[in-house]
2 protein chains.
Amino acid sequence: MTARTPDSARDIPEATVARLPVYLRALTSFAEEGTTTCSSEELAVSAGVNSAKLRKDLSYLGSYGTRGVGYDVEYLRYQIAREIGVTHDWPVVIVGIGNLGHALANYSGFRSRGFRVVALLDADPTRKDEVVAGLDVRSFEDIESIVAEHAVSIGVIATPAIAAQAVADRMVANGITSILNFAPTVLSVPDGVGVRKVDLSIELQILAYHEQRKSIAPASEDAS
Amino acid sequence: MTARTPDSARDIPEATVARLPVYLRALTSFAEEGTTTCSSEELAVSAGVNSAKLRKDLSYLGSYGTRGVGYDVEYLRYQIAREIGVTHDWPVVIVGIGNLGHALANYSGFRSRGFRVVALLDADPTRKDEVVAGLDVRSFEDIESIVAEHAVSIGVIATPAIAAQAVADRMVANGITSILNFAPTVLSVPDGVGVRKVDLSIELQILAYHEQRKSIAPASEDAS
DNA sequence: AGGAGTTTGTGAACGGGAGAACAAAACGAG
DNA sequence: CTCGTTTTGTTCTCCCGTTCACAAACTCCT
Ligand SMILES: NC(=O)c1ccc[n+]([C@@H]2O[C@H](COP(=O)([O-])OP(=O)(O)OC[C@H]3O[C@@H](n4cnc5c(N)ncnc54)[C@H](O)[C@@H]3O)[C@@H](O)[C@H]2O)c1
Ligand SMILES: NC(=O)c1ccc[n+]([C@@H]2O[C@H](COP(=O)([O-])OP(=O)(O)OC[C@H]3O[C@@H](n4cnc5c(N)ncnc54)[C@H](O)[C@@H]3O)[C@@H](O)[C@H]2O)c1
């Protein structure tokens, strides 16, 4: 009955997967402070979640805590990193080196969290002279050789919306199987290709919705 | 009973709220193409969701379609915009005009989707000479007068993680009640203040998890 | 005018995730 | 060695969201 096989946990819920990186970050903070052990309660507070939820999340990975004691920070950190797959760096290409692409290329946080930007691509030939964050901006046409050479499986799209689908198609054709999309478009990709979108306007609109709610519905809350 | 009150629908599920902006965008596309009417199926495809889900989502707003016909693009677009609260522009301040802050300030998509950046703030005095996207970068100390003058209720944090909590506290103290946070930190704010976070590293790590899965998974039982 | 064909709006079943609560396990004191 | 304390791992229940399926409502054609 549900024999636990720590080496290859196999059915981690999406909601849990999305929180593991948060735990990882909290554990890294602890480690930097010199904390060697923490309880589920401490870690939960640091990650901003309920401690029962945290324990349940961790239980999907295996049984890495010690009852009555807590978790070894370094050990748990490694286990989560291993589960996510960031014990080694993933090569990443960024396509579309405009406003956003520049910021992404210069962002040091990727490197420290398991990703290495190996190439910056843009269709605009006038950008080809540029060096951003120590990397040449190269032609989008080079994608094939770059993906092949560095075994890239993750691509970031920071082009205008109109170009995003074409860029995604090209990425997929060259073997990229995970895409992070910043363009405000719904991408369609074959089965087996993972897509996540980051849409800042949507985030703001969600905030606006609740904001509007606050001013219209003061009756129920009575914010004096 | 559930008497439907189209003027002030009041209990829209979070999941639905998060999708309304996507529908809004799809409808705007339709309008730009000159399409005046669309079915739930067409809109659903364009938004990348199931059509039953779309209809249920829309039903929370009221009954704005016509059976046997579909939805009037312009009319529905307006109703969704009104529900979200983006029929008029929301003033927004951006704090932290570094790599990411520059990109955000230069992004034209906010303006066209119901938001107007009214001020750019940074703690670094050497940035104060700069003009970004037609706006002066001003001292973070000016936040009080700016928020008061423009009746700002939405703030964007693009500072390093270490500064994010202090910036958030200051925002809240000055009356900002919705925060979009790009710094990789868990913010703690009083009840009644809305926070949404955008964390690019987490998005990549989620992709990495599934990516790793793909290469390990083929041997379902016995990964030698 | 009536019937056939569409498409919406929603009731109901289903699945997954959140949180409370508790038993099992480890540790330390005496 | 035994007991009490602490904290994990897990079970159970509830709620939210998704999806199916269908009656109601509208148009168009004859
Ligand atoms: N700037 C922001 O803060 C921001 C915020 C939210 C969303 N976005 C979205 O991110 C995307 C990029 O925004 P931006 O402000 O950097 O735009 P931008 O116009 O500054 O940059 C786009 C870059 O993509 C390149 N490009 C265009 N077509 C291409 C193609 N087919 N192949 C490769 N490269 C191509 C262009 O040459 C340009 O360098 C847009 O879709 C935008 O809606 C940007
Ligand atoms: N650049 C990216 O693409 C990217 C991607 C993901 C996340 N982030 C996150 O976004 C944040 C900003 O990233 P960045 O690359 O723009 O960093 P950055 O260092 O280029 O810019 C940060 C800016 O914030 C200002 N600042 C610092 N403390 C401040 C304070 N107390 N009040 C006001 N302003 C202050 C600094 O003067 C600087 O101009 C970081 O938390 C980073 O982790 C950035």
Side-chain angles (χ1 to χ4, degrees), chain A residues 1-6 9-20 22-23 26-27 30 35-73 75-77 79-80 83 206 209-210, chain B residues 1-6 9-20 22-23 26-27 30 35-73 75-77 79-80 83 206:
Chain A
M1 296 80 98
T2 66
R4 183 125 339 252
T5 322
R10 65 193 61 64
D11 221 34
I12 301 189
E14 264 311 295
T16 297
V17 172
R19 282 187 295 267
L20 290 179
V22 181
Y23 305 152
L27 286 167
F30 282 155
T35 310
T36 59
T37 294
C38 69
S39 68
S40 65
E41 183 61 32
E42 290 168 313
L43 187 52
V45 167
S46 182
V49 303
N50 181 295
S51 69
K53 197 194 310 193
L54 176 124
R55 287 198 300 277
K56 183 180 282 194
D57 284 343
L58 294 184
S59 76
Y60 289 114
L61 315 193
S63 195
Y64 296 133
T66 307
R67 299 179 189 215
V69 177
Y71 300 92
D72 181 278
V73 169
Y75 181 60
L76 183 58
R77 203 188 63 76
Q79 293 301 336
I80 294 179
E83 190 65 39
I206 294 171
Y209 169 80
H210 293 293
Chain B
M1 284 299 148
T2 63
R4 180 120 348 245
T5 322
R10 63 192 57 64
D11 223 34
I12 302 189
E14 265 309 297
T16 296
V17 171
R19 283 187 294 266
L20 290 179
V22 180
Y23 305 153
L27 287 167
F30 282 156
T35 310
T36 60
T37 293
C38 69
S39 68
S40 64
E41 183 61 32
E42 290 168 313
L43 187 51
V45 168
S46 182
V49 303
N50 180 298
S51 70
K53 197 195 307 194
L54 177 126
R55 287 198 300 277
K56 178 157 283 195
D57 283 344
L58 295 184
S59 76
Y60 290 115
L61 315 192
S63 195
Y64 296 132
T66 307
R67 296 177 189 217
V69 178
Y71 300 91
D72 181 278
V73 169
Y75 182 60
L76 183 59
R77 204 187 62 76
Q79 293 300 338
I80 294 179
E83 190 67 39
I206 294 171

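Reminder, nothing fancy here: chain letters follow the sequence lines and each chain counts from 1.
Here the P atom of nucleotide D/dT7 and the NZ atom of A/K53 are 22 Å apart, to the nearest Å. Atom pair A/D11:CG and D/dT10:P shows a separation of 15 Å (rounding to whole Å applied). When rounded to the nearest whole Å, the span between CZ of B/R67 and C1' of C/dT7 equals 9 Å. Between the CG atom of B/D57 and the P atom of C/dG9 there is a distance of 12 Å, rounded to whole Å. The CD atom of B/E42 sits 14 Å away from the C1' atom of C/dT8 (whole-angstrom rounding). The interatomic distance linking A/Q79 (CD) with D/dG9 (P) rounds to 12 Å, in whole Å. Following rounding to the nearest Å, A/L43 (CG) and D/dG9 (C1') show an atom-to-atom distance of 15 Å. For the pair A/L76 CG and D/dT8 C1', the interatomic distance rounds to 12 Å; values are reported in whole Å.
Phosphate contact (OP1/OP2 of D/dT8, side-chain N/O of A/S40, threshold under 4.0 Å): present. In this structure, A/S63 reaches the D/dG9 phosphate: one of its side-chain N or O atoms is under 4.0 Å from OP1 or OP2. When the side-chain nitrogen and oxygen atoms of B/K56 are compared with OP1 and OP2 of C/dT10, none of them lie within a distance under 4.0 Å. Between A/S39 and D/dT7, a side-chain N or O to OP1/OP2 separation shorter than 4.0 Å is absent. Distances shorter than 4.0 Å separate some side-chain N or O of A/R19 from OP1 or OP2 on C/dA18.
Atoms CG and OG1, from B/D72 and B/T66 in turn, are 8.0 Å apart once rounded to the nearest 0.5 Å.
When the nucleotides C/dA26, C/dT7, C/dG17 are ranked by their closest atom to the side chain of A/E14, C/dG17 comes out on top. Closest to the side chain of B/V69, out of C/dG9, C/dA18, D/dT27, is D/dT27. Residue B/A52 has its side chain nearest to D/dA21 when only D/dA21, C/dG17, C/dA21 are considered. Nearest nucleotide to the B/N50 side chain, out of D/dT27, D/dT18, D/dT19: D/dT19. Taking only side-chain atoms of A/R55, from C-beta outward, the nucleotide of C/dA21, C/dA25, D/dG17 with the closest atom is C/dA21. The side chain of A/Y71 lies closest to D/dT8 when the candidates are D/dT8, C/dA26, D/dT27.
Nearest heavy atom pair, residue A/V73 against residue A/L27, reads CG1-O, 3.5 Å.
The closest side-chain heavy-atom distance from A/F30 to A/L43 is below 4.5 Å.
Contact annotation for A/E41: no contact, since no heavy-atom pair falls under 4.0 Å across all strands.
Between B/Y64 and B/Y71, the ring centre distance reaches or exceeds 6.0 Å.
Side chains of A/D57 and A/T16: a donor-acceptor N/O pair is present below 3.5 angstrom, by distance only.
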